[in-house]
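The block underneath contains the structure these notes are about, expressed in structure tokens.
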Amino acid sequence: MTNTLAYHQAASRSAWEIDAVFLFITVVSLFFFILVEGLLIYFAVRYRRRRAEEAHATSDVRSNFVLETVWVIIPSIVVIAFFVYGYVVYRDVTTPSPGASDIHVVAQQFLFNFKYPDGRTGINELRVPVGKPVKLIMTSRDVIHGFFVPAYRLKQDILPGRYTYLYLQPDKEGAYDVYCAEYCGGGHSTMRAKLIVMPPGEYANWVAGAAAEAAVPLADRGKALVEKFGCLGCHTVDGSPKVGPSLKGLFGRQGTLEDGRTVTADEEYIKESLYDPGAKIVKGFPNVMPTFKGTVSPDDVTAVIAYIKTLK
Ligand code: CUA
């Protein structure tokens, strides 16, 4: 669903309404553009000076009250119509739908966290059932971000220290792109999410599954994350060093850094090593690990630490 066709696809009532406003403005503007430019060209040709000696004085017309009144009133009506129509649609797409379910959105460099009222969470993935209106309650942990759903034609800034809202009416099943629409730093272009509109039955299954997943022991979740994020490409769990130190027996181990300092691999150290891997490199290992800041949430870090603790 990332091709341009899907990008332009109207997948919600808001999209149709906003497209209609733009179409109305475009068609009316085009009509007057052709009228004015057409008359301009017509007059230029019709009343051109044919020969040099034709330089008579032109007729002395000072004003035409009726004509001037008409060309002030008609454009005024037209621009007022643009405003009123646009305002009515704006009010409609920003008015809460009755029975909308709340979903919290916390943006940070460079991802979106979604939190459902029942405790489910999602990163860069917002799942909703088709046909049920949604109210997004949004805030930011750091800088200004944006929440833009092109297929819905809706966009709202997300601000630190303040809540902003966006109302979605998921009318059509499918997966739609969500973009951050405010430049928020080096990873801005990677800050994307998916809005997944599911049939009610499938959604119910997913909710049940997500609830079951939440019941998985923390260490097991950590093991799955370590596999998912590719940690095992560089770290073993059997005690042998690879590109990086083995995770086996890591927790609580003392290590010597390049500059001679000693560190203990406690929770803080593991968190720091995930978010800022170059900060404390153990002597003898290369400084090649990428940061997982923004990829691994604080909740996930907790799970990874719990898993590492089990590798004795
Ligand atoms: Cu977040 Cu751009």
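Order of listing sets the numbers, starting from 1, for every ligand and every atom in it. All values below come from the heavy atoms of this structure, side chains included, with hydrogens, waters and symmetry mates left out.
Atom NZ of K248 is surrounded by 12 or fewer heavy atoms from other residues, nucleotides or ligands within 6.0 Å. No more than 12 heavy atoms of other residues, nucleotides or ligands shown are found within 6.0 angstrom of OH on Y90. For F32, the CZ atom sits in a packed shell: over 12 heavy atoms of surrounding residues, nucleotides or ligands are nearer than 6.0 Å.
In this structure, K293 does not pair ionically with D276, as no charged nitrogen and carboxylate oxygen lie closer than 4.0 Å.
Residues satisfying the side chain to side chain contact (heavy atoms under 4.5 Å, CB included) test with K283, not counting sequence neighbours, are E258.
Within a radius of less than 2.8 Å around atom 2 (Cu) of ligand 1, the protein N, O or S atoms are C180 SG, E182 O, C184 SG, H188 ND1.
Aromatic ring centres of F147 and Y179: separated by at least 6.0 Å.
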